[in-house]
Amino acid sequence: MRAYECPSCGAQIICDEYTASTSCPYCGNNTIVPAQFAGTLRPDYVIPFQLTKDDAIEKLKQFYKGKPLLPSAFKDQNHIEEIKGMYVPFWLYNGSVHVDNEYHGTRVHTHRTSREIVTVTEHYKLIREGTVTFEKVPADASSKMPDEFMDAIEPFDYSKMTDFNLSYMPGYLADKYDVSSEEDAVRANRRMKNSASTAISQTLVGFAGAIPEKQDIQIKPRSVYYAFLPVWMLSTQWNGKNYLFAMNGQSGKMIGDLPTDYGKFILYFVLISLAGIILLFFLLMGGHF
Ligand SMILES: [Zn+2]
């Protein structure tokens with residue numbers, strides 16, 4: 001295994017000795033320098049790549065199709081082929097959340113007598129208590145990877161997760177975690193609490209309104225695992241900015257920020273206007289003959 005560091009963005013990339021990494025998967029920088037291989041934790045689990053590089057290229061092309069305002073730098077065949085398979089480091093959290101909430105619920109009935117309309121409002125004290133158990137809630141452990149990107153390409157199919165083995169590495173890059181499991185736990189815990197709270201409040205059916213009056217949500221963390229999850233990545237530099245594209249290496253679900261080429265926009269605008277003027281001209285001429 002070899003380690004490299006990107007002098008531009010600081011990413012630490014690991015690969016096997018035969019996988020040459022010529023550019024940084026995060027920022028596209030072309031000079032990455034050999035680095036100390038130190039303090040790397042061996043992952044507990046890995047989800048192997050299921051989409052090949054050809055699959056990824058094909059899906060990326062489909063993604064770009066029908067986007068005429070995308071700058072050519074993105075669609076260039078040579079550039080698309082630079083797409084890299086990378087194992088992104090993740091912490092996976094097990095835990096349980098106990099919810100003990102109270103709500104004020106109301107039910108409203110209206111009925112009509114011969115002389116008046118009667119509205120009855122019933123008030124309820126609703127108590128909801130329960131425990132939700134979570135297994136392997138993921139949070140990416142790379143500060144270089146935008147969190148919202150990794151959230152967007154979820155879910156990963158855990159049935160394909162297996163014990164880590166170096167034999168899954170050749171041909172792919174891996175990123176070293178630089179966010180500790182304690183730091184990342186904040187995100188994972190928030191997620192578990194929100195999910196548990198939502199699940200509990202979904203049992204409040206049949207009430208016109210249910211206003212929370214007491215919320216007691218306690219989380220009990222259990223265990224943390226370290227895992228490599230498969231992501232196809234492509235970084236494109238355009239107009240001095242980096243644009244990152246990421247694709248779930250299992251499902252092909254993708255996300256990317258794409259710029260609009262205003263030069264192209266103006267060109268199309270002019271062409272379409274011109275076509276309109278010509279058409280109008282012929283219509284008017286047609287009227288005269
Ligand atoms: Zn970089």
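Just follow the structure's listing: the first ligand is 1, and inside any ligand the first atom is 1.
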- prompt: Just wondering, do Lys176 and Pro89 contact through their side chains at under 4.5 Å, heavy atoms?
  reply: no

Polar contact flag, side-chain donor to acceptor under 3.5 angstrom, Tyr124-Glu122: yes

- prompt: Which residues and atoms, protein N, O or S only, are under 2.8 Å from the Zn ion (ligand 1)?
  reply: Cys6 SG, Cys9 SG, Cys24 SG, Cys27 SG

Contact check, side chains of Pro138 and Tyr93, non-hydrogen atoms, under 4.5 Å: no

- request: With Tyr87 as reference, evaluate Tyr168, Phe49, Trp232 under the ring-ring contact (aromatic ring centres under 6.0 Å, His included) test and give the passing residue.
  value: Phe49

query: Can you list every ring pair (Phe, Tyr, Trp, His ring centres under 6.0 Å) pair that touches residues 94-118, not counting sequence neighbours?
result: His104-His123

query: Looking at Tyr226, is Arg42 sitting on its ring face, NZ or CZ under 6.0 Å from the six-membered ring centre and within 45 degrees of the normal?
result: no

